Colleague: 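Below you'll find the structure I mean.
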Amino acid sequence: MRTSPFPSMECPIARSVAQMGDAWRVLILRDALLGFRRFDEFETGLGIAPNILAKRLSGLVADGLLTKRAYQQRPVRYEYEPTPKARDFQLVIAALATWGTKWLSPKGATVALVDKESGELLESAVVGQTSRRVFSRDDIRFIPGPKAGPEILKRASRLRARKEKSS
């Protein structure tokens, strides 16, 4: 496997992409968050080769997204449980589902996001930390954060210069 320059980048998006690695990892996490726990459940549900699944599960455990525990001793078999880090990724999966339904499902929704208590249909959104107001995509802008280093500051400066030049 090739090494990626992304983990060393300052950008949280680049680091997130590096952590997820590939689509299999995202789909395994999706299924784990839905409640699947065992190797054979992932293998059957995803149609993934056992060697690839074993490698991805091992990586997800090593990266702190799943925990592994034996549920049977002879032969030893394991279950995989999402960690809090993986549970936070559920918001990313919800955003992917919302986007995929809108742009890649021409016949309509194949899955729906609903509130687990009321059943109300949901869509992913960006909410203000203090106002709790829902913001649209046109309201969002990325700026350097309080811990931004040279890489992020340089990118922000180049973007600012580009915008000034085009005005």
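Everything quoted here is computed from the prediction, not taken from an experiment. Residues take their numbers from the sequence shown, with the count starting at 1.
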Colleague: If you look at every heavy atom in S124 and T98, which pair is closest and at what distance?
Modeller: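 Scanning both residues, the minimum pair turns out to be N-OG1, 3.2 Å.
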Colleague: More than 12 non-hydrogen atoms from neighbouring residues, nucleotides or ligands closer than 6.0 Å to CZ on F135, yes or no?
Modeller: yes
Colleague: If you count heavy atoms of other groups shown closer than 6.0 angstrom to CZ of R25, is the number above 12?
Modeller: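 More than 12 within 6.0 Å, yes.
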Colleague: With a 4.5 Å limit on heavy-atom distance, are the side chains of W24 and I52 in contact?
Modeller: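 W24 reaches I52 side chain to side chain.
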Colleague: Please determine whether the number of non-hydrogen atoms from other residues, nucleotides or ligands lying under 6.0 Å from atom CZ of R158 exceeds 12.
Modeller: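 Check passes, neighbour count above 12.
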Colleague: Measure the spacing between CZ of F42 and CZ of R30 and express it to the nearest 0.5 Å.
Modeller: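 Answer for the CZ-CZ pair, F42 versus R30, is 10.5 Å.
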Colleague: Do the side chains of D139 and S136 get nearer than 4.5 Å, heavy atoms only?
Modeller: yes
Colleague: Any idea which heavy atoms bring I93 and L33 closest together, and the distance?
Modeller: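 In terms of heavy atoms, the two residues are closest at CD1-CD1, 3.8 Å.
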Colleague: Give the intermediate values and the outcome of side chain to side chain contact (heavy atoms under 4.5 Å, CB included) for residues Y80 and L57.
Modeller: CA-CA 8 Å; Y80 298 87; L57 285 169; 3.7 Å; yes
Colleague: Please name the pair of heavy atoms, one in A94 and one in L113, separated by the smallest distance, quoted to 0.1 Å.
Modeller: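 Where A94 meets L113 most closely, the heavy atoms are O-CD1, 3.6 Å.
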Colleague: Is the shortest heavy-atom distance from the side chain of I48 to the side chain of L27 under 4.5 Å?
Modeller: no
Colleague: For atom CD of E151, is the number of surrounding heavy atoms from other residues, nucleotides or ligands below 6.0 Å larger than 12?
Modeller: yes
Colleague: Taking side chain as C-beta onward, heavy atoms only, is K154 less than 4.5 Å from P144?
Modeller: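 No, too far: nothing below the 4.5 Å cut-off.
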Colleague: Please step through side chain to side chain contact (heavy atoms under 4.5 Å, CB included) for the pair I28 and L65, ending with a clear verdict.
Modeller: CA-CA 11 Å; I28 291 166; L65 291 153; over 6 Å; no
Colleague: Are W99 and V17 in one and the same hydrophobic cluster, where Ile, Leu, Val, Met, Phe, Trp and Tyr link if side-chain heavy atoms are under 4.5 Å apart?
Modeller: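 Looking at the clustering, V17 is in a separate group from W99.
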Colleague: Identify the two heavy atoms, one from A86 and one from L29, that lie closest to each other, and give their separation to 0.1 Å.
Modeller: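 So the minimum-distance heavy-atom pair works out to CB-CD2, 3.9 Å.
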Colleague: Does any N or O in the side chain of E43 come within less than 3.5 Å of the main-chain N or O of F39, such that one atom is a donor and the other an acceptor?
Modeller: no
Colleague: Set out, in order, the CA-CA distance, both residues' side-chain angles and the distance that settles side chain to side chain contact (heavy atoms under 4.5 Å, CB included) for M20 and V92, then state yes or no.
Modeller: CA-CA 11 Å; M20 286 305 106; V92 176; over 6 Å; no
Colleague: Linking I/L/V/M/F/W/Y whenever any side-chain heavy atoms sit under 4.5 Å apart, do I152 and M9 land together?
Modeller: no
Colleague: Below 4.0 angstrom, N of the basic side chain to O of the carboxylate: do R56 and D22 qualify?
Modeller: yes
Colleague: Any sub-3.5 Å donor-acceptor pair from S166's side-chain atoms to K163's backbone N or O?
Modeller: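 Yes; at least one donor-acceptor contact below 3.5 Å.
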Colleague: If I take atom CG from residue L60 and atom NZ from residue K68, how far apart are they, to the nearest 0.5 angstrom?
Modeller: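 Taking CG in L60 and NZ in K68, the distance rounds to 12.0 Å.
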Colleague: Report yes if some heavy atom in the side chain of Y71 is under 4.5 Å from a heavy atom in the side chain of R37; otherwise report no.
Modeller: no
Colleague: Taking all atoms of both residues into account, what is the closest heavy-atom pair of R74 and Q72, and its distance?
Modeller: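 Distance-wise, the nearest heavy atoms are O-NE2, 3.4 Å.
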Colleague: Which atom names give the shortest non-hydrogen contact between R15 and E10, and what distance separates them?
Modeller: NH2-CA, 3.7 Å
Colleague: Would a single hydrophobic cluster contain both L96 and L121, if residues Ile, Leu, Val, Met, Phe, Trp and Tyr are joined by side-chain heavy-atom contacts under 4.5 Å?
Modeller: no
Colleague: For a 4.5 angstrom cut-off between non-hydrogen side-chain atoms, does L159 reach F142?
Modeller: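 L159 does not reach F142 side chain to side chain.
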Colleague: For the pair S58 (side chain) and A54 (backbone), establish whether a donor and an acceptor sit closer than 3.5 Å, ignoring hydrogens and angles.
Modeller: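 No, S58 side chain to A54 backbone: no donor-acceptor pair under 3.5 Å.
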Colleague: Run the side chain to side chain contact (heavy atoms under 4.5 Å, CB included) check on Q19 and K85 step by step: do they pass?
Modeller: CA-CA 12 Å; Q19 175 95 136; K85 183 178 180 180; 2.6 Å; yes
